[in-house]
Student: 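Once you've had a glance at the structure underneath, I'll fire off some questions.
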Amino acid sequence: MSNLKMKEAALIYLDRSGGLQKFINDCKYYNDSKQSYAVYRFNILINPSDIVELDAELGNHILHHPVKAAEVFQSVCFIAVKTLSLIGQLQTETQINIVLKLTHLPSLPSYSLNFCEFPLDYTSQRFYMMQGIVIAMTTVTKYTQGARFLCSDEACPLSKGFQYIRVHAPGATESATVRNDFLCNLCSSSLQEDRKFRVLGDKQIVEIITAKALHAFQGHSNNQPFRFQSLTIFLRDESVNKMSIGNEYKIIGIPTCVKTLQTSVCVEANSITFCNPKALFADESSSDKNSNKELEDCLDILIITSDTLLVDRNNYGTGAVSIQAGSALLAKGGICFIGDLASYKKDKLEQLQSVMESRSITVYIPGKKFGDDTNQQMTFPIQCSFWSFVDMDSSSRKNMQKTNSLIGQMDCSLIPANLVEVFGLLINCNESSPCHQFLPTVQHTLKKAIDPEGLLYLASKQFTTEDFEKLLAFAKNLNVEFSLEAERMVHGYYLASRRIRTDSICGSKLSASALKYLISLSEAHARLNLRNKVLKEDVLIAVLLFETSLTLKYGATVFCVAPNAVFPFELYNEEYLEQRDIYLTQCQQQLLQFIATYGPGTAVFASDE
């Protein structure tokens with residue numbers, strides 16, 4: 001009676017939710033198809049809240065005994081097919097494969113699978129919600145959704161019909177569905193598969209880790225490659241290719257124990273939800289960006305990560321290859337710190353330049369090496385900013401530096417000129433000045449050596465690291481817009497600077513991305529000041545940073561800025577903030593004069609420009 005009551009509740013829910021009409025439409029597709037099917041697969045969308053309100057027992061069944069709950073819906077759907085004559089070819093109830101797709105799980109701790117707590121529950125065969133970042137994924141391969149077997153003894157009544165139907169179960173391996181040692185229950189003869197009825201589906205395997213694991217390695221730089229302990233997720237059919245390396249997802253699935261080369265806990269994914277980007281760290285990575293603008297809002301600063309994409313054989317016998325993410329992909333939405341560019345060979349630098357120009361990386365998979373007849377390739381978008389440096393003071397490089405003929409220009413001959421160009425900003429980190437030679441750095445180093453855990457500055461006592469993290473998290477989500485004055489200033493500087501850095505031989509030295517960098521820097525400074533509007537003061541800081549970079553690349557021009565224009569060495573602590581404001585006001589007047597002289601509408605500005 002209990003089972004009958006749940007079937008009635010299932011039918012009512014299907015009718016009320018629109019699932020019954022969708023089921024009928026799916027049946028029409030199968031009925032019109034010319035293909036032979038051993039099983040007919042149907043997805044049924046389940047809202048646990050609505051089910052529990054309708055029938056608590058059925059709701060409990062779905063949440064805690066999903067396999068048995070699927071059998072309830074299987075019976076209801078089979079009766080519907082026969083009553084309404086929806087699929088003429090269908091003969092037995094076992095041919096119906098029901099997949100219950102949950103919209104969500106209750107927001108209770110018992111329904112959450114925490115990677116950091118052990119032991120993990122993989123014996124209850126019920127739904128859990130887990131959240132993690134994708135660090136590896138395989139190519140898409142095929143698996144058997146269902147197969148038809150017949151008794152090999154022609155005299156046996158089970159040598160015909162659809163009595164032996166094998167259907168993939170959550171967590172089951174391919175050999176559990178299809179192999180050659182099944183026996184007939186009636187006569188004990190061997191069973192043979194009728195291959196023309198085999199139904200194939202798509203399968204993909206991904207590995208995820210908790211975000212806590214990446215945060216734990218924030219600021220960690222190590223030349224030795226290492227791997228994160230991960231949780232394996234099986235994606236099937238409509239779920240394949242729905243996840244990307246470096247993204248964070250919420251996954252509803254059933255944990256199981258899979259025995260391969262080594263026993264491990266895996267999850268059969270049921271539904272996937274993309275999470276809003278958070279501060280994800282890879283190697284030394286931070287900063288966050290809007291996910292819809294990641295490809296265009298990257299600012300590369302030069303002041304290849306130690307690990308790259310790795311191609312491995314898959315541990316689960318799927319015939320697919322697994323792509324392991326490197327730091328550049330794990331730093332999605334943030335910053336990937338590369339290290340000293342001069343320590344890399346020419347081929348690595350060329351690869352880095354190609355990645356930065358195309359904002360993507362392609363992995364070539366040789367077929368012969370991984371047991372396939374054809375070669376494959378997979379392309380991944382790179383959605384992070386690259387930060388790097390060149391150490392010009394190392395003993396091996398001091399004698400290699402050239403004397404620059406242009407004022408303010410820095411020798412970057414250690415790395416290819418084209419690679420320097422793809423970095424948006426070039427910064428000279430020289431801690432010495434005529435007045436305060438190395439003083440701030442020396443003081444900081446000595447204090448840190450004496451008291452490694454101590455708070456070295458007054459600001460550190462007033463604002464903790466957590467306070468700064470909250471500040472940045474709030475600031476990055478501010479929507480900002482340019483004031484009219486700020487917009488005129490940034491465009492005026494861009495056009496004026498382009499004008500004076502253009503010659504008849506090489507053309508303009510300003511890249512097509514220069515205006516984008518100026519706008520991004522201006523917006524970032526406004527956000528750090530917790531404003532929704534970009535002011536002239538924000539544009540000034542962006543211009544000083546950008547002009548300093550141009551000076552280091554090409555030498556100084558009529559708009560001459562100091563090497564450390566934003567934070568002059570002479571104004572190095574809190575006591576000089578007022579003097580710094582006066583200094584920046586003077587810089588702003590010089591910028592406005594530069595725009596008035598060389599900007600649009602002036603005598604020196606050509607009409608075609």
Student: Once you round to the nearest 0.5 Å, how far does SG of Cys27 lie from CG of Leu86?
Tutor: 4.5 Å
Student: Say whether, by atom type as modelled, one donor and one acceptor occur between the side chain of Ser358 and the main chain of Ser354 under 3.5 angstrom.
Tutor: yes
Student: About how many Å separate CD1 of Ile251 and CD1 of Ile208, when rounded to the nearest 0.5 Å?
Tutor: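 One finds 4.0 Å between CD1 of Ile208 and CD1 of Ile251.
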Student: Hey, does Leu11 have a side-chain heavy atom less than 4.5 Å from the side chain of Phe73?
Tutor: no
Student: Answer yes if the ring centres of Phe127 and His65 are under 6.0 angstrom apart, and no otherwise.
Tutor: no
Student: Which atoms form the tightest heavy-atom contact between Tyr143 and Asp202, and what is the distance?
Tutor: CE2-O, 3.4 Å
Student: If you define the side chain from C-beta out and look only at heavy atoms, does anything of Leu63 sit under 4.5 Å from Pro106?
Tutor: yes
Student: Using the side-chain contact (heavy atoms from CB on, under 4.5 Å) rule, take Lys68 and Val72 through it: C-alpha gap first, then chi angles, then the decisive distance, then the call.
Tutor: CA-CA 7 Å; Lys68 292 183 178 180; Val72 173; over 6 Å; no
Student: Measuring from Leu105:CG to Asn270:CG, what's the distance to the nearest 0.5 Å?
Tutor: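 Output value for this atom pair is 8.5 Å.
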Student: Does atom NZ of Lys470 have more than 12 heavy-atom neighbours, drawn from other residues, nucleotides or ligands, at distances under 6.0 Å?
Tutor: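 Open.
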Student: Surrounding CD of Glu357 (heavy atoms of other residues, nucleotides or ligands, distance under 6.0 Å), is the total greater than 12?
Tutor: yes
Student: Measure the OG-CE distance between Ser385 and Met356 for me, rounded to the nearest 0.5 Å.
Tutor: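 Rounded to the nearest 0.5 Å, the OG-CE separation comes out at 9.0 Å.
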Student: Checking Gln91 against Gln95: is there a side-chain donor and acceptor pair closer than 3.5 Å?
Tutor: no
Student: Going by atom types only, do Gln351 and Asp347 share a side-chain donor-acceptor pair under 3.5 Å?
Tutor: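 Judged by distance alone, the side chains do not pair up.
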Student: Counting C-beta onward and ignoring hydrogens, is there a side-chain heavy-atom pair between Gln204 and Met137 closer than 4.5 Å?
Tutor: yes
Student: Would you say the side chain of Leu150 lies within less than 4.5 Å of the side chain of Leu191, judging by non-hydrogen atoms?
Tutor: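 The answer is no, as the side chains (C-beta and beyond) never meet within the 4.5 Å cut-off.
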Student: What distance separates Asn43 CG from Asp26 CG, expressed to the nearest 0.5 Å?
Tutor: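 Atom-to-atom, Asn43:CG and Asp26:CG are 8.0 Å apart.
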Student: For residues Leu100 and Ile62, report the shortest heavy-atom separation together with the two atoms involved.
Tutor: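 Taking every non-hydrogen atom into account, CD1-CG1, 4.4 Å.
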Student: Check Ser175 against Arg179 and note the closest heavy-atom contact, atom names and distance.
Tutor: O-NH1, 2.9 Å
Student: So, taking the atom named OG in Ser230 and the one named CD1 in Ile135, what distance separates them when rounded to the nearest 0.5 Å?
Tutor: 4.5 Å
Student: Check for a donor-acceptor pair, side chain of Tyr364 on one end and backbone N or O of Met378 on the other, with a separation under 3.5 Å.
Tutor: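 A pair under 3.5 Å: no.
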Student: Indicate whether the side chain of His104 and that of Ser49 have a donor and an acceptor atom separated by less than 3.5 Å.
Tutor: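 His104 vs Ser49: donor-acceptor pair found between side chains.
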Student: Is it the case that more than 12 heavy atoms not belonging to Asn25 sit under 6.0 Å from its CG atom?
Tutor: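 Yes - once you tally the heavy atoms of other residues, nucleotides and ligands closer than 6.0 Å, there are more than 12.
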Student: Check whether any side-chain heavy atom of Thr232 sits under 4.5 Å from a side-chain heavy atom of Val267, and report yes or no.
Tutor: no
Student: Just checking, is any N or O donor in the side chain of Tyr249 or Asn247 under 3.5 Å from an acceptor N or O on the other one?
Tutor: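 Yes.
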Student: Yes or no on side-chain contact (heavy atoms from CB on, under 4.5 Å) for Ile165 and Arg148, after CA distance, side-chain angles and deciding distance?
Tutor: CA-CA 5 Å; Ile165 299 295; Arg148 176 198 187 194; 4.1 Å; yes
Student: Do Ser152 and Ser189 have side-chain N/O donor and acceptor atoms under 3.5 Å apart?
Tutor: no
Student: Return the minimal non-hydrogen interatomic distance between Ile44 and Ile98, and the atom names on each side.
Tutor: CD1-CG2, 3.9 Å
Student: So, do Lys5 and Asp55 sit near enough that their side-chain heavy atoms are less than 4.5 Å apart?
Tutor: yes
Student: I'd like to know if the side chain of Glu93 and the backbone of Phe78 have a donor-acceptor N/O pair within less than 3.5 Å.
Tutor: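 Checking the backbone N and O of Phe78 against the side chain of Glu93, no donor-acceptor pair under 3.5 Å is found.
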Student: Measure across Ile133 and Gly246 and return the closest heavy-atom pair with its distance rounded to 0.1 Å.
Tutor: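 Heavy-atom minimum between the residues: CG2-O, 3.8 Å.
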Student: Thr144 and Glu174: side-chain donor and acceptor closer than 3.5 Å?
Tutor: yes
Student: Side chains of His61 and Glu71 only: does a donor on one sit below 3.5 Å from an acceptor on the other?
Tutor: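 There is no such pair between these side chains.
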Student: Where do Val81 and Ile79 land on the side-chain contact (heavy atoms from CB on, under 4.5 Å) test, with the steps shown first?
Tutor: CA-CA 5 Å; Val81 169; Ile79 294 172; over 6 Å; no
Student: Just by distance, with hydrogens left out, do Ser360 and Thr379 show a side-chain donor and acceptor under 3.5 Å apart?
Tutor: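 No, no side-chain donor-acceptor pair sits under 3.5 Å.
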Student: Please state whether the rings of Phe182 and Phe149 are parallel, tilted or perpendicular, taking 30° and 60° as the class boundaries.
Tutor: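 It falls in the perpendicular class, over 60°.
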Student: Any heavy-atom pair between the side chains of Leu235 and Ile272 that's under 4.5 Å?
Tutor: yes
Student: Classify the side-chain pair Tyr164/Arg166 by whether it contains a donor and acceptor separated by less than 3.5 Å.
Tutor: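 Not at all, the side chains of Tyr164 and Arg166 share no donor-acceptor pair under 3.5 Å.
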Student: How close do Leu186 and Cys156 get, counting heavy atoms only, and between which atoms?
Tutor: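 Result for this residue pair: CD2-SG, 3.9 Å.
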Student: Please report the C-alpha distance between Arg198 and Glu193 in whole Å, then the side-chain angles of each, then the deciding distance to 0.1 Å, and finally whether the salt bridge (charged side-chain N to carboxylate O under 4.0 Å, His left out) criterion is met.
Tutor: CA-CA 8 Å; Arg198 182 186 288 194; Glu193 182 190 357; 2.6 Å; yes
Student: Measure centre to centre between the rings of Phe162 and Phe197, then say whether the value is under 6.0 Å.
Tutor: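 Judged by ring-centre distance (under 6.0 Å), Phe162 and Phe197 do meet the cut-off.
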Student: Within the 3.5 Å criterion, strictly below it, is a donor on Asn97 or Gln145 matched to an acceptor on the partner's side chain?
Tutor: no
Student: So Glu238 and Arg41, salt bridge (charged side-chain N to carboxylate O under 4.0 Å, His left out) or not? Walk me through it.
Tutor: CA-CA 12 Å; Glu238 61 280 340; Arg41 187 175 184 271; 3.1 Å; yes
Student: Working note: Leu54 + Ile12, criterion side-chain contact (heavy atoms from CB on, under 4.5 Å); need CA distance, chi angles, decisive distance, verdict.
Tutor: CA-CA 9 Å; Leu54 175 65; Ile12 293 172; 4.0 Å; yes
Student: According to the interplanar angle, ranging from 0 to 90°, do the rings of Phe23 and Phe42 count as parallel (below 30°), tilted (30 to 60°) or perpendicular (above 60°)?
Tutor: tilted
Student: For Ser75 and Lys7, does a side-chain donor sit closer than 3.5 Å to a side-chain acceptor?
Tutor: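 Yes, because at least one side-chain N or O of Ser75 sits under 3.5 Å from a partner of the opposite role on Lys7.
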Student: Less than 4.5 Å apart, side chain to side chain, heavy atoms only: is that true for Ile51 and Ile46?
Tutor: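 Heavy-atom side-chain distance check passes, below 4.5 Å.
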